[in-house]
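Contents: one structure, followed by commentary.
Both backbone and side-chain heavy atoms feed into the values below; hydrogens, waters and symmetry mates do not. Letters A, B, ... are given to chains in the order of the sequence lines, protein chains preceding strands, and every chain is numbered from 1.
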There are 2 protein chains.
Amino acid sequence: LEQRHHQKSLDLATRTSIVEAEAWVDDHTVPLDTELVAIGDAVGRVLAQEAVAAIDFPFFDQAAIDGLAIHVDDAAGASTYNPLVLEQGTVDGPLLPTFGVAVSVGDRLPADAEAILPIGQFEARPGGRYEVIEAAVPGSGITPKGSHFVKGTRLLGIGQRPAARHVGILLAAGLSEVQVVRRPVVRCLLLARSEPLGDQNGPMLTALVDRDGGLMADMGSTARDQATLCAALSSAAAEPDVILVVGGTGQGSDDASAAALAEAGELAAHGIALAPGETAGYGLSRNGVPVFLLPGSPTSCLWAYELLAGRAIRRLGGRGPAPAYPVRQMTTARKIVSAIGTTEICPMRRLDHDRAEPIVSYMEGGLGTVARADGFVIVPEGSEGYPAGAIVRVHLYEDFDWAS
Amino acid sequence: LEQRHHQKSLDLATRTSIVEAEAWVDDHTVPLDTELVAIGDAVGRVLAQEAVAAIDFPFFDQAAIDGLAIHVDDAAGASTYNPLVLEQGTVDGPLLPTFGVAVSVGDRLPADAEAILPIGQFEARPGGRYEVIEAAVPGSGITPKGSHFVKGTRLLGIGQRPAARHVGILLAAGLSEVQVVRRPVVRCLLLARSEPLGDQNGPMLTALVDRDGGLMADMGSTARDQATLCAALSSAAAEPDVILVVGGTGQGSDDASAAALAEAGELAAHGIALAPGETAGYGLSRNGVPVFLLPGSPTSCLWAYELLAGRAIRRLGGRGPAPAYPVRQMTTARKIVSAIGTTEICPMRRLDHDRAEPIVSYMEGGLGTVARADGFVIVPEGSEGYPAGAIVRVHLYEDFDWAS
């Protein structure tokens, strides 16, 4: 009987297309349940309900300028040659005719005030009086109640992420808390390997999960054998929303992650037509939690995360499915070469505002390419690349200088 | 004797230009001292030193594929008709001729290995032997030591902010910590006011400071009178890097922030040719800490922060001075109107990929405009705006969908 080198768990001749893999992710992820957070903690979170103004803003007729609140008739005909005298009133209670009340920007106006005279159009006089030296137009200097927005105005929509600048408006709208999508909880199992440098994938994945709105709740090392890994995947510990298994995805004799997932749950795919990342896989734990098998090679781990595991985390958290990089139509200054049948991530260097060129591939340049790339082009599996001069969609890294 | 309405602390006829104000900020802010942080904590921080590889990567000749490490001569002439037999060697010690060692992606190669035969080009046989059925090219299947980057390679430069994807490469380069610029510590004094809705500026500024890399270390309310405010500004409490005073900047009778700063330190300017934000001011505390006087009106507070206080915080933290929004050349679909002599922030709504239009101004629309704008155009004080069809520089909010 012929004995093979080892049990071959990965057949690269029958890889799953990235389109199919993304569809699987989309089929197995919907936004999680919601939680109530204070407005100050809502920055960057995903709104699970519309932010609707609970009150008018301003909440009252408000002084738009520093000045004197008056009845318009009391200033009619006023000039430096015909100064009109008003008594000093109080902000409480209605403003009576022939009285004026000094107000500052933002102050609630006394009831019945019709206009604010700006500084310079009146003078304070001894004995608690004001001398008015210009006429006023009704409503001038006043920000009317509800003029910025009225109760019921939709300020932010479902799925929007409040930014720092929105904090003021949400509070002003009478909201103290908002419903946001719960952050996906992620568990990561690193398959142990004798690495003189230690592990790079764990800290990188922690940062990527955080960037995508998830919470890396548990990061542990486990032995590489199928039995140990299967037990870890079946563990009754607090159930996460996504499980990442890093390493053990290849054709080597100690690559058991796919077999372990098949035993501990359901292996949906192993081997993706994606470069880097072709030994990745995915499936479900026995409890239906999506499990992503990420290659141990750092660049493959990065890209399998970006396109598959990250997509799940982003969708569970209510974000858009694609990696959160701005996209720009640019001209490629050199030919981009890609293998038919594989979705390839082609790293790009930006040359100027509208031009970029491919640099040494992730396969060849590894982590060095990660440092050198300004962005990337995703070449679909049906394409063999693009000629020099073609317009391509470049995903640019978010820390890139956009100024033009 | 003529008694004026009140001491007029703000003369809007002699406002400081934004160019002069920015120059003052730049003259009074340089990047702070540095601190050492672990790589996992360096994401988003500003590098204060180059990140230079401490070792070659890979650190050893590494298996690029799963397969069999061999001497090339031992496979010369091999084919299915002429299988060559190798003994099973071990990964420790040099690889001897006529031996083969099974390796997985990422493994350190046994010394003297010359190539890796991929799965399918050899078969394991009983008795610890391999049958080789294809020849091998020297170096095939091997990622040579240092081929991704060599010791001394500059991976990231001073001022760059490591992203999640850089965590792996920095760790792989043998770095466990990096020097980053210390986060600017900010103290905020809110001038108390009887607001039925409470304060919106404090939480908004906390979020803005965090966005710009600062730490809001202290947020307190203080009475509006000059003596109390002066005492608060002179407080010997832990010295921050920037002080924000919110409110009390106008021409009203209870507007004492500028006078208090003049007494407690040095008032450099009060009244800026900026809309919104014209009552803002700035100066130095007695200890030389930059103090920004921000208007209490939320939109004026926001824009005085964005252009002046935020600029100081960003510069102290080693970031670029401008608000961190991507800029895009777009066509304005409608005329943009601005007053000569004032730098105006014109809110814009994006219409499509390359077109935007002005919406109701911040002065008129207040916080409602903050929710409705997709970005803004800064119209310099020398300009009275742009005609419909003009190309303008639109700062787009970072959470905007860039896909095109």
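Closest non-hydrogen pair, A/Asp255 versus B/Asp66, comes out as OD2-OD2, 3.7 Å. Residue B/Val167 comes nearest to A/Met204 through the heavy atom pair CG1-N, 3.4 Å, listed as atom of the first residue, atom of the second, then distance. Heavy-atom minimum distance, A/Gly168 versus B/Leu367: O-CD1, 4.1 Å.
Taking OG1 of A/Thr299 as the start and CD1 of B/Ile169 as the end, the distance is 10.0 Å to the nearest 0.5 Å. B/Thr143 OG1 to A/Met363 CE: the interatomic distance, rounded to the nearest 0.5 Å, is 9.5 Å. The CD atom of A/Glu364 lies 9.0 Å from the NE2 atom of B/His148; values are rounded to the nearest 0.5 Å.
Heavy-atom pairs under 4.5 Å with chain A peak, among B/Ala38, B/Ala371, B/Gly365, B/Pro118, at B/Gly365. Ranked by non-hydrogen atom pairs under 4.5 Å with chain A, the options B/Cys301, B/Ser104, B/Gly40 are led by B/Ser104. Between chain B and the options A/Pro58, A/Ala207, A/Ala164, heavy-atom pairs under 4.5 Å are most frequent for A/Ala164.
Between A/Arg165 and B/Arg211, the closest side-chain pair of non-hydrogen atoms is not below 4.5 Å. Counting heavy atoms from C-beta on, the side chains of A/Ile39 and B/Pro203 never come closer than 4.5 Å. Put simply, the side chain of A/Phe57 reaches to within 4.5 Å of the side chain of B/Gln200, judged on heavy atoms.
No part of B/Arg154 comes within reach of chain A, as not one of its non-hydrogen atoms sits under 4.5 angstrom from that chain. In this structure, chain B has heavy atoms under 4.5 Å from both the backbone and the side chain of A/Val370. Only the side chain of A/Leu302 comes within less than 4.5 Å of a heavy atom in chain B; its backbone stays farther off.
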